[in-house]
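Quick note on labels: first sequence line is chain A, next is B, and so on, each numbered from 1. Hydrogens, waters and symmetry mates play no part in the numbers below; they use all other heavy atoms, side chains included. Given the structure is predicted, the values throughout are model-derived calculations rather than measurements.
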There are 2 protein chains.
Amino acid sequence: MDGHARRIPDATVARLPEYLRILIELAEQRIGTVSSERLAELAGVNAAKVRKDLSYLGTYGTRGVGYDVDYLLFQMRQALGVTRDCPVVVVGAGNLGRALANYAGFSDRGFPLAAVVDADEAKVGTNVGDVTVRPMSDLAELVRANQPVIGVIATPGPVAQLVADQLVAAGVTAILNFAPALVSVPPNISLRKVDLALELQILSFYQSHRESGSASRGWT
Amino acid sequence: MDGHARRIPDATVARLPEYLRILIELAEQRIGTVSSERLAELAGVNAAKVRKDLSYLGTYGTRGVGYDVDYLLFQMRQALGVTRDCPVVVVGAGNLGRALANYAGFSDRGFPLAAVVDADEAKVGTNVGDVTVRPMSDLAELVRANQPVIGVIATPGPVAQLVADQLVAAGVTAILNFAPALVSVPPNISLRKVDLALELQILSFYQSHRESGSASRGWT
DNA sequence: GACTGTGAAGTAGTTCACAGCT
DNA sequence: AGCTGTGAACTACTTCACAGTC
């Protein structure tokens, strides 16, 4: 621990991965330093926000100069806890599950697919991307073998809570839920939700209330 | 028009589709009225928030009784502008694009797939779900024929801005961007972003900073 | 001169607590 | 009595503006 006890606001945490992505791009372009102004431009926010966000991680900039890209990148990875790859187990081999399993964007960015499981006997044994669909009964074993793992729920809504319970029982401590349903987990488990149709409905709102509507909650 | 001029906060707008989903479920179960308390429980928020959120739409509740499910459902659809289906055009027929095109959750919830287009000649003509991949040059025609349309960007990051520009030029006024890149559009166009790897990284943060971390924070 | 880091001011969102209707 | 609708209090987040450092 480096003694930075300050609690990082949720809003800041949600932006850190965006900065990470940009820093990776800058590093690939062999750019050595970057100003808060430039970072802000690339992230679609303003410079004050970038500086405040980064200040929660520590004092990594140099006044009059900017931030050293490689050093900030290292610290950002440290802060986000993405210093090692973290495998992902997808539950549900329907359209969405197969899609997510095939999506290269996960493995490319540090989240390789460990397995796909499904409760439906008919789907077990079929191939999805590089892996073969396994039965739900293998879940605990798969989690044990790959710990730590992030569980991804890609089932229909009605079984999402059941699946979440099984993931937690199997020892998963972070869950990403794509099912359109509320799931609750013990307080020590991290949970996030992505509902694709919901995003379209939000767009729909701003489209029908056009004339000054920021569908993107203030970042451009 | 019912004269409700009050601007609805972005945070409220982001929750309305969740209420909508719950109201649809309640209506299917033939439940006639619902209290803010019960709605809150189903949505995973607190009752005061539900009442305040709904009050932005109008005074649709009955004191001492609660909300009439069907009436509130009607008003909610009205407010969100989802009274008619709105077709979706997916740009990019890679893994993610094909996945989204196959994903039944869109059409089931009022966003039928109108078309998939791709810049790669090799992909044009192949089948994705019910549709055949069309060339980018068909975009303007497809948009004209289906107006209003929501455009979905499911391409690699580097071409996302180019695609967004083409969508806007073709007459699309709402865009959902799945590419990991910043996209900017004219102010009258609605834009939202979903980055799947980014969600996993946020989870990763809360997982490595376990002990009191709310990875979910009701927004998105 | 350039650019960070941060208190202070400003804005948005949440929760409280209760008046007011049924 | 039960439950909504809403000002008022509170909390979280953003932006300003400038002192401090290179």
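Side-chain atoms of A/Arg21 come within 3.5 Å of backbone atoms of B/Pro180 as a donor-acceptor pair (strictly under, hydrogens ignored). In this structure, the side chain of B/Gln161 engages the main chain of B/Ser184 through a donor-acceptor pair within 3.5 Å. Side chain of A/Asn95 to main chain of B/Asn102: a donor-acceptor pair is present (N/O by atom type, distance under 3.5 Å, no hydrogens or angles).
For the pair A/Ile153 and A/Leu176, the minimum side-chain heavy-atom distance is 4.5 Å or more.
Side-chain contact of B/Asp53 with B/Thr12: a donor-acceptor pair under 3.5 Å is present, judged by distance alone.
Using a 4.0 Å cut-off, some side-chain N or O of A/Tyr67 falls inside it from OP1 or OP2 of C/dG5. Residue A/Arg15 places at least one side-chain N or O closer than 4.0 Å to OP1 or OP2 of D/dT14.
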Give each protein N/O atom lying under 3.5 Å from an N/O atom of nucleotides 16-20 of chain D, with the pair distance.
from   : atom 1 : to      : atom 2 : distance (Å)
D/dA17 : N6     : A/Arg51 : NH2    : 3.4
D/dG20 : N3     : A/Arg63 : NH1    : 3.0

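The distance between atom CD of B/Gln75 and atom P of D/dT4, rounded to the nearest whole Å, is 17 Å. At whole-Å resolution of the value, CG in A/Leu54 and C1' in C/dT6 are 13 Å apart. Between the NZ atom of B/Lys49 and the C1' atom of D/dC10 there is a distance of 14 Å, given to the nearest Å. Atom OH of A/Tyr56 is separated from atom P of D/dA12 by 11 Å (rounded to the nearest Å).
The pair B/Arg109-A/Asp195 meets the salt-bridge criterion, since a charged nitrogen lies less than 4.0 angstrom from a carboxylate oxygen. B/Lys193 and A/Glu18 are joined by a salt bridge, as a carboxylate oxygen and a charged side-chain nitrogen come within less than 4.0 angstrom of each other.
Residue pairs meeting the side chain to side chain donor-acceptor pair (under 3.5 Å) criterion with at least one partner in residues 79-89 of chain A, sequence neighbours excluded, do not occur; the list is empty.
The stretch residues 24-37 of chain A touches DNA chain C through A/Ser35, A/Ser36, each having a heavy atom within less than 4.0 Å of the strand.
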